[in-house]
Structures are given as structure tokens and as C-alpha cells.
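Both counts, for ligands and for their atoms, begin at 1 and track the order of listing. The analysis underlying the following values was restricted to heavy atoms, covering all of them including side chains, and did not include hydrogens, waters or symmetry mates.
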Amino acid sequence: MSREIKVGGAQLGPIQRADTKEATVARLIALLDQAHEQGCDFVVFPELALTTFFPRYYMESKDEFEPYFEREMPNAATRPLFEKAAEYGIGFYLGYAEIAQEEGRTRYFNTSILVDKAGRIVGKYRKIHLPGHAEYDPERSFQHLEKYYFEPGNYGFPVWRMMDGIFGMCLCNDRRWPETYRVMGLQGVEFVALGYNTPSVNSQRPEERGEERLFHSDLSAQAGAYQNATFVAAIAKAGNEDGNPLIGGSIIVHPSGQIIARAETEDDELITAVCDLDDTTFYKKTIFDFARHRRPEHYGRIVSQTGVELPE
Ligand code: CDV
């Protein structure tokens, strides 16, 4: 018997700084309504899906930046999304900025959650590969202050059993690192949900434009899917946020590495694909049968070193 799930990739258009969370959640629910009409079982929303991509702004005071974060989930603003999803029987992935009280201090994470068809949070992931910089950089045309606002995630890359499959999560820059997928691949992952906010311009290399940025986004998701025999849904927040363009290009990738759905716009747009999780089996049992073919005795450098060590 096949294990088909119909997946909706709910790309979001821009969220402006002045937009309220309530208005944004109404847009998420409109996409969920479409997903319901199209028979989806699971919907993937982007990274930081409730706010503008605020790490582009330098805010010194907590009073200014904490409103971009969520202290609990669900909360007053997001509860309608959870309720509607449970009513429809649709599971979802959602990215947001999280404030946690842990180890006797306030901690800030770039977080995503996995919600089952009953509206229960079954998994939480905190972004590990935080790009950008930790201090205001006057040389840049715009900031990328993820290392200032967040600390690296402390949960690793777990996977969860849900909907008769094995689900994993990551966030944006994580998609560019093969380790992200391989750690989940080693736990048998069959479906990776990931949301992203990727500026269309590289602030340190202005000649690198949107087309090249899209190519790298596709390349990373397709390689991760193929090399780990898993579906990957890479879903953008796109378009022009207060003068700051973000790439779209949301895709759903088959374990063969081929793209099976792609967004055409930079707006709110639902893409869908039927993902038969049994399609992962062939690759997991042949070319990427890890138990037979991996040689971890030669991979020590991957976990013992971060930077490059040049030969003598
Ligand atoms: N939100 C992100 O993690 N964005 C990064 C930066 C480097 C553009 C990305 O990898 O897309």
C-alpha cells in the first residue's frame, strides 16, 4: 500500500514591517483554505512566517525587537490557524521567532514547529546554521543580524514519526549544509520541511542577482533530497518587504532530486504535490543504502573540525 500525502507549499509574499500578526495569520489561513479545497494533508509555511524578515534591521532595545518574537505557541494571534488546521485535519510546519525562559535566562531562537492533523505540536526545531553577523555592519547595504538576534539551536536535527512517515525540519541557511540532511537521513527521514527568507541581492556581492540565488536554493534542496532519499519542501517568504526584495522559487523535490512543484510568483501562492513516501525506498535500499556504503571511519574531519586546515 502506498503512503501518499498531498503536500501544500504555502509560499508567502512580502510582510511589511507595519503589518500586524493578526493580518498575517489571516493570509496563512487563506492559504490553508486553498490547501483544504485541494485536498492537502500537510502544509509547509516559510521561516519567520509571522513577521517581516526583521534581522535586516538593527534594533538595540529589547522593547523594539521582542514584539517580533513569540513567547508561547499557539498564542492569541496564531490560535485561529491551529484551530482551522485541526478543523480541516491538515498538519503543518511553521517558522517563527521564539523567546524561551531556559537555564535561568531569556533565550532567543529562530524556530519551526511540526503540527499534526489534530493541531498538536509534535516537534520543535531551532535553527542551527545562523548566517550573517552579530554586530551592526556599516559596510553592508542592509543587515543580516541573525547571529545578533538568535543563538544557535540546541536540539540537533531530530525526526518525528507522523502521518505514517518520518518527518524532519530545518530552516533557510540550514538547507545549504549537507550535514543538515545527512543527520536526518541517518534517522531515515522521508520528508524534510524547510522555510526560507533569502534576499534577492547578496549584500557583499552586488553582482550576484536573484537568478543565481534561486539556482543555489534549488541546487541545495535537490542535492539534499537525492543524497538522502527524501522529499524536501523548500518554501519561501518572497517579494519586496519595505524595499528589500526576497527570492521566491518555492519548490517540492522528489527523492530522485527532481522538482515536482514550483511557485511562479513572489506572492502568497500555494503549490501542491502528491508525495508517496514509499518513493524514498528504492534510493534508500540501493545507491544510498547507508548501512552498506558509508565509510564513517574516513569522515572524522566532518565532526572534529569547523574551518579548513590546509596541507603543509
Ligand atoms: N534566512 C536565511 O538564513 N538566509 C540566508 C542568507 C545567507 C541569505 C540563506 O541562506 O538564504
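Taking any N or O of R213, backbone or side chain, none lies under 3.5 Å from an N or O belonging to ligand 1.
Protein heavy atom at the shortest distance from atom 10 (O) of ligand 1 is R176 NE, 2.6 Å. Considering only non-hydrogen protein atoms, atom 6 (C) of ligand 1 sits nearest to H144 CE1, 3.6 Å. For atom 11 (O) of ligand 1, the closest heavy atom belonging to the protein is T198 OG1, 2.6 Å. Among all protein heavy atoms, the one lying closest to atom 2 (C) of ligand 1 is C172 SG, 2.8 Å. Of the protein's non-hydrogen atoms, the one nearest atom 3 (O) of ligand 1 is K127 NZ, 2.7 Å.
Every atom of ligand 1 is numbered from 1 in the order shown, and the set under 4.0 Å from a heavy atom of N197 is 1 (N), 2 (C), 4 (N). In summary, the atoms of ligand 1 found under 4.0 Å from a heavy atom of E146, numbered by their order in the structure, are 1 (N), 2 (C), 3 (O). Near P131, meaning under 4.0 Å from one of its heavy atoms, ligand 1 places the atoms 2 (C), 3 (O), 5 (C), 7 (C). Taking a cut-off of under 4.0 Å to the non-hydrogen atoms of P199, the atoms of ligand 1 that pass are 8 (C). When each atom of ligand 1 is checked for a heavy atom of E47 under 4.0 Å away, the hits are 1 (N).
Ring planes of H129 and W177: parallel class, angle under 30° (limits at 30 and 60°). F288 and Y226 have perpendicular rings, their planes meeting at more than 60° on a 0 to 90° scale where under 30° would count as parallel.
For F53 and H144, the distance between ring centers is under 6.0 angstrom. Ring centroid separation for the pair F42 and F167 comes in under the 6.0 Å cut-off. Here F109 and Y96 keep their ring centres 6.0 angstrom or further from each other. Checked against the 6.0 Å centroid criterion, the rings of H133 and Y148 do not qualify as a close aromatic pair. For F65 and Y149, the ring centers are positioned less than 6.0 Å apart.
At least one heavy atom of R175 sits under 4.0 Å from some atom of ligand 1.
Only the side chain of F53 comes within 4.0 Å of ligand 1, judged by heavy-atom distances.
Salt-bridge check for E98 with R126: passed, with a basic side-chain N closer than 4.0 Å to an acidic carboxylate O.
A distance of 8.5 Å separates CG in L48 from CZ in F69, rounded to the nearest 0.5 Å.
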